[in-house]
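Every chain is numbered from 1 and lettered A, B, ... according to where its sequence line falls, protein lines coming before strand lines. Scope of the values below: all heavy atoms of this structure, side chains included, with no hydrogens, waters or symmetry mates. Predicted model, so just to flag it, every value in this text is computed and none were measured.
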Protein chains: 2
Amino acid sequence: MSIRSGRGGGAGSGTAPGARLCAATGPRRVATGRRREATRRRLFEAAVSLIAEQGFSATTVDEIADRAGVAKGTVYYNFTSKNVLYEELLRDGIDQLADSLRQAERTAAARGGSRVDALDAMIRAGLEFCAGSPALTQLYAAELWRTNRTWRATVKSVRGRALAVVESVLRDAVATGELTDELDIQLTASALFGMVLVAALDWQSFQPHRSVEDVHASLSRLVQGRVSGGA
Amino acid sequence: MSIRSGRGGGAGSGTAPGARLCAATGPRRVATGRRREATRRRLFEAAVSLIAEQGFSATTVDEIADRAGVAKGTVYYNFTSKNVLYEELLRDGIDQLADSLRQAERTAAARGGSRVDALDAMIRAGLEFCAGSPALTQLYAAELWRTNRTWRATVKSVRGRALAVVESVLRDAVATGELTDELDIQLTASALFGMVLVAALDWQSFQPHRSVEDVHASLSRLVQGRVSGGA
DNA sequence: ACTTTTAGACTGACTAGTCAGATCAAAGGA
DNA sequence: TCCTTTGATCTGACTAGTCAGTCTAAAAGT
């Protein structure tokens, strides 16, 4: 009965545990968060898979906690809210993608290939990323163009980070004359991005028996004009 | 999680008027629903825009009724449940798209163009459709690859209907030798579909100042190998 | 006469977020 | 080696609120 009245007392010092997060990630206590880091990662994984399946609103915090094997309170200890958990998850995921795109580009460049080769390598890397993190991929497709959502800003910046990598390669290719300068960089980058995204999702969802090579070859053909290049 | 137990109880007999819907669309009473048809359309429109903005679960039936300018009871008089409303809405939308793709194909054929021209016309039609029904487009992107959802079957059949149109043109083009027979029809169709879908969404969301021609030209270039065809 | 819509009160189930207290792991002390 | 302490981390019952779907009697519409 009187339970809730308590408040002020114990709290005194460390009111909201979640708030302490900032301090914890700050200068003090760097080594401490080992256990915590593992918990956060488990929560990310659980949330990504559930949200990809059901959507954000349809996924309850209880379900996330359940799948991650922690108590509900732990979710709120590690993230200030369901929304924040989701935002951090989006950022985390796109960073991984951007990294693997950049790496593909660097590898291709190191092998002395053309920019178009680099582009092709990035398509491959994109496909592999989607195959490796199908839930995350679904989630992007579902959220990337939604209007009005709270985290629209997050999504926009996140999109920008991935597209920037593609755009820079396209720009180089145009500069060196490998690609026509009629090319609209932004539009082409997003079309390529979309092509890979959707091809990967369709591959996973509706034709999972195919190999990456298979899918990659089809997309390569499309991009390199060997479909109707003669026209 | 999925369907609310529903607890058949209360309903007892065939109380739910919405259930009569089936009869209405059946053989009997075809002319009757003029007024009703208008109400249903308004509900579709309201629901599509809200769901595109917020997602299905985050959208309440009260909001839908509000935006459509009808009473909540009317929603349940016309549709048995929120889920059913959504399913019918998906079907209705994709039918419109498939129609406009078929029409583009027919028009191109009538003008005596090649199959590749027909493909190009379909890309244009796809873009225009997306531009004309942005909410519906967003909604497809969000739902098309979601796993585990109740209406997965609906989505799958809906996707098939749109892709079939593209695939048939590709098949013809291969048969007549216009396109190489190395082409993987299914994969290419879905990649094209995705390319258009995503390009359209990106166009609307992030670069709305561009014209259809602009976007169409970029996609055409990509497909017809004028980007890196020389390689 | 018959169908369709209205308005909104109501219920029963479900959910985001909170908080006082339990548990853990690492460090020191004996 | 075996306590004891300390602060970070985790727990789960609980609060306050939301929402799908039902129900009513009466008013339009055709």
Side-chain angles (χ1 to χ4, degrees), chain A residues 1-26 28-40 42-43 54 56-66 68-86 150, chain B residues 1-13 15-21 23-24 28-29 31-40 42-43 54 56-66 68-86:
Chain A
M1 345 207 108
S2 58
I3 306 171
R4 51 192 288 59
S5 64
R7 260 314 312 311
S13 40
T15 324
R20 189 161 298 161
L21 170 70
C22 306
T25 50
R28 275 156 61 88
R29 302 259 142 208
V30 182
T32 316
R34 195 84 118 287
R35 178 166 159 221
R36 188 173 189 175
E37 201 45 53
T39 306
R40 286 172 60 95
R42 264 189 302 157
L43 282 170
Q54 310 176 324
F56 175 80
S57 312
T59 299
T60 69
V61 175
D62 288 275
E63 282 175 315
I64 295 174
D66 244 34
V70 302
K72 187 176 189 177
T74 305
V75 176
Y76 286 94
Y77 179 75
N78 284 283
F79 302 93
T80 37
S81 71
K82 190 187 173 191
N83 279 338
V84 166
L85 162 57
Y86 189 50
T150 319
Chain B
M1 21 173 87
S2 44
I3 303 96
R4 236 125 230 112
S5 57
R7 262 216 23 288
S13 53
T15 326
R20 192 158 298 159
L21 170 71
R28 274 159 59 90
R29 300 261 144 210
T32 316
R34 195 85 117 289
R35 177 164 157 231
R36 189 175 187 175
E37 202 45 53
T39 306
R40 286 170 59 95
R42 267 190 299 158
L43 282 170
Q54 311 175 322
F56 175 80
S57 313
T59 299
T60 70
V61 174
D62 290 272
E63 282 175 316
I64 295 173
D66 245 33
V70 304
K72 187 176 185 178
T74 305
V75 177
Y76 284 94
Y77 181 76
N78 284 283
F79 301 94
T80 36
S81 70
K82 188 187 174 192
N83 278 336
V84 166
L85 162 57
Y86 189 50

Point to revise | Side chain of A:Arg36 - closest among D:dT9, C:dA16, D:dG21 | key: D:dT9
Practice item. Would you indicate which nucleotide in D:dA20, C:dG17, C:dT6 comes nearest to any side-chain atom of B:Val70? Key: C:dT6
Roughly, in whole Å, what's the span from [atom1] in [X] to [atom2] in [N]?
| X | N | atom1 | atom2 | result |
| --- | --- | --- | --- | --- |
| A:Arg35 | D:dT11 | CZ | C1' | 11 Å |
| B:Tyr86 | D:dA20 | OH | P | 15 Å |
| A:Tyr76 | C:dT15 | OH | P | 12 Å |
| A:Leu43 | D:dC10 | CG | C1' | 11 Å |
| A:Arg40 | D:dT9 | CZ | P | 11 Å |
| A:Phe79 | D:dT9 | CZ | C1' | 14 Å |
| A:Arg34 | C:dC24 | CZ | C1' | 15 Å |
| B:Asn78 | D:dT22 | CG | P | 14 Å |

Review point. What's the spacing between A:Asn78 CG and A:Glu37 CD if we round to 0.5 Å?
Key: 9.0 Å
**Study point:** Contact check, side chains of B:Leu85 and B:Val61, non-hydrogen atoms, under 4.5 Å
**Key:** no
Exercise for review: Pick base, sugar-phosphate or nothing for A:Thr74, based on heavy-atom distances below 4.0 Å to the nucleic acid.
Suggested key: base
Revision key, fill the gap. Taking for B:Thr39 and for B:Lys72 the nucleotide of DNA chain C with the nearest heavy atom, the one nearer the 5' end belongs to B:Thr39
Practice item. Sequence neighbours left out, what passes side-chain hydrogen bond (donor to acceptor under 3.5 Å, both in side chains) with A:Lys82? Give chain and number order. Key: none
Point to revise | Partner set under side-chain hydrogen bond (donor to acceptor under 3.5 Å, both in side chains) for A:Thr59, not counting sequence neighbours | key: A:Gln54
Review point. Are OP1 or OP2 of D:dC10 and a side-chain N or O of A:Tyr77 less than 4.0 angstrom apart?
Key: no
